Amino acid sequence: MKAVTWQGPSKISVEDVPDPTIQDPSDAIVEITTTGLCGSDLHLYEPLAPFMTPGDIVGHEPMGIVREVGPGVSKLKVGDRVVVPFNISCGSCWTCERGLYSQCETTQNHEHGTGASLFGFSSLYGAVPGGQAELLRVPFADFLPVKVPEGPVDDRFVFLSDVLPTAWQGVEYADCPADGTLLIMGAGPIGDMAARIAMHRGIRVIVVDRVPERLARVRSRGAETIDLDAVDDVAEEVRSRTGGRGADAVIDAVGMEAHGNPVAEKAIKAVGLLPDAVAQPLMKSAGFDRLAALHASIDAVRRGGTVSLLGVYGGAADPMPLMQMFDKQLQLRMGQANVRRWTDDIMPLLVDDADPLGTEQFVTHRLPLAEAPEAYAKFQGKQDEMIKVVFTP
């Protein structure tokens, strides 16, 4: 089969690789019909290179048709249309029973001290072959895949793999009051979708970004916007719009974004030249993140407010303004999305013919797998008005 593979820092290629096979009675093989390119995939491009091996299959936002099931699978059948969550959870361990699917004890990675394994996301999270491919082996097939109805196009459902539950959890964790103001840092796919979800709930939303087409997109759906390059101080601008107090809650949908920080980018490239045995512990203990978005979030939220982290942060030694956080009596909530915790809540909005979250118009670029290398480069560089990319194998 054809698959998108990591071959080295900033080097992605499409290769012929062996077809996946049933390895456990609970497995299923899914033929991928649509699969997304996520901002988190860019972390593999360079920042997480020490944890990658040439030939690793990437991608974690797939959906498709079940083509084979193992002998232990009873709830899924060949021909079912499914979305595959990005985190691999068994559904029956202690953490899964409590809805903490991203911490699944069955698939935790004790070697690196990380949570549940993820599709296509480095040895830090299990080195499991990803979904930017023609076929995907899916474990725990009676629990993990989300069955979706025939009829609506893939775009209506594919975001159940990551974008929708991640944004949904961010809004839930932000816990913004109905009459409050939610500030969202970043208008990429996750920030954009979080804004749509919050506005669907009737919450006032302000979105911060510096990319004109991203700001225009969220503004067209009713969000207020702040151009990061047009203001001297984001927090002061937010306070000026909120009676001097600040936002009731803030979602940081930016994350480490090391690829957007020249100093951090040089450090990441330098570490990437080291042997993996040296680079891996350094990456896990150093502070390489771009923290401007997080620090601005802490500044812009009102006293007693909540900051919800959706963007991925990787540095263990990053400085945090703990005095300010304590003094302002902030709540901080974060973590990988517990995808299966939210899918049943989200589904009614997706089967609604009105498509209230605008999922069918969410994609900006639909490409064949063969164009993946160019898409990664353009997406990293925020070129060609590229906001959300899906591949159709």
Side-chain angles (χ1 to χ4, degrees), residues 10 37-43 45-47 163 166-167 170 174 181-199 204-242 246-247 249-268 288-301 307-315 318 321 362-365 375-389:
S10 300
L37 172 58
C38 177
S40 294
D41 290 325
L42 297 181
H43 302 328
Y45 214 45
E46 284 182 349
V163 174
T166 296
T181 298
L182 175 64
L183 177 69
I184 299 178
M185 303 294 291
I190 301 297
D192 185 332
M193 186 59 77
R196 297 180 187 213
I197 292 166
M199 288 187 291
R204 178 193 181 194
V205 174
I206 303 173
V207 181
V208 181
D209 206 293
R210 59 164 31 109
V211 181
E213 57 266 23
R214 294 186 176 192
L215 290 170
R217 193 161 122 122
V218 295
R219 192 163 49 242
S220 71
R221 295 193 63 89
E224 299 175 41
T225 59
I226 296 174
D227 183 343
L228 187 62
D229 293 329
V231 297
D232 294 328
D233 187 318
V234 168
E236 282 299 325
E237 177 65 22
V238 172
R239 283 189 282 271
S240 75
R241 301 188 188 193
T242 54
V250 182
I251 291 176
D252 174 1
V254 178
M256 65 169 129
E257 284 292 287
H259 53 274
N261 180 333
V263 175
E265 186 174 356
K266 289 179 180 178
I268 292 294
F288 285 130
D289 296 330
R290 172 190 177 194
L291 296 174
L294 177 55
H295 287 179
S297 299
I298 292 167
D299 194 9
V301 71
V307 176
S308 174
L309 299 187
L310 292 185
V312 175
Y313 284 94
D318 290 317
F362 198 70
V363 171
T364 58
H365 292 70
Y376 268 77
K378 285 185 176 181
F379 188 42
Q380 184 190 46
K382 296 180 174 64
Q383 301 170 6
D384 196 25
E385 298 187 6
M386 190 173 279
I387 298 174
K388 188 58 188 177
V389 180

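Any value given below was found using the heavy atoms of this structure, including those in side chains, with hydrogens, waters and symmetry copies removed. Since this is a predicted model, take the numbers as computed values, not measurements.
Scanning all heavy atoms of the two residues, the minimum distance from Leu215 to Val208 falls at CD2-C, 4.4 Å. Annotation for Gly170 and Ser308: closest pair O-OG, 3.0 Å, computed over non-hydrogen atoms. Residues Ala187 and Val207 approach most closely at CB-CG1, 3.7 Å, considering heavy atoms. Shown here for Ala167 and Ala194, the closest heavy-atom pair between the two residues is CB-N, 3.5 Å. Residues Ala249 and Ala174 share a closest heavy-atom pair of CB-O, 3.4 Å. Taking both residues in full, the closest heavy atoms of Ala296 and Met185 are given as CB-CE, 3.9 Å, listed atom of the first, atom of the second, then distance.
In terms of modelled atom types and a separation under 3.5 Å, the side chain of His365 and the main chain of Asp384 share a donor-acceptor contact. For the pair Thr364 (side chain) and Ile387 (backbone), a donor-acceptor distance under 3.5 Å is present. Arg217 places a side-chain N or O within 3.5 Å of a backbone atom of Phe362 that can act as its donor or acceptor partner.
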* Step by step, work out the side chain to side chain contact (heavy atoms under 4.5 Å, CB included) result for Lys382 and Arg210. => CA-CA 11 Å; Lys382 296 180 174 64; Arg210 59 164 31 109; over 6 Å; no
* To do: Test Asp209 against Thr225 for side chain to side chain contact (heavy atoms under 4.5 Å, CB included), laying out the working first.
  => CA-CA 8 Å; Asp209 206 293; Thr225 59; over 6 Å; no
* side chain to side chain contact (heavy atoms under 4.5 Å, CB included) between Arg239 and Asp299: does it pass, once the steps are laid out? -> CA-CA 10 Å; Arg239 283 189 282 271; Asp299 194 9; 3.5 Å; yes
* Going through the checks in order, is the side chain to side chain contact (heavy atoms under 4.5 Å, CB included) test met by Ile190 and Val163? -> CA-CA 6 Å; Ile190 301 297; Val163 174; 4.1 Å; yes
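Taking CZ of Arg204 as the start and CG of Leu183 as the end, the distance is 10.0 Å to the nearest 0.5 Å. Here the CZ atom belonging to Arg241 is positioned 13.0 Å from the CD atom belonging to Glu236, to the nearest 0.5 angstrom. With values rounded to the nearest 0.5 angstrom, Lys388 atom NZ is found 11.0 Å from Asp192 atom CG. Distance check, rounded to the nearest 0.5 Å: CG of Leu182 to CD1 of Ile206 gives 9.0 Å. Note: Ile226 CD1 to Glu237 CD = 5.0 Å, rounded to the nearest 0.5 Å. The CD1 atom of Ile184 lies 11.5 Å from the CE atom of Met193; values are rounded to the nearest 0.5 Å.
Within 6.0 Å of the CD atom in Glu213, the count of heavy atoms belonging to other residues, nucleotides or ligands exceeds 12.
By the ring-ring contact (aromatic ring centres under 6.0 Å, His included) test, Phe379 pairs with no residue at all, sequence neighbours left out.
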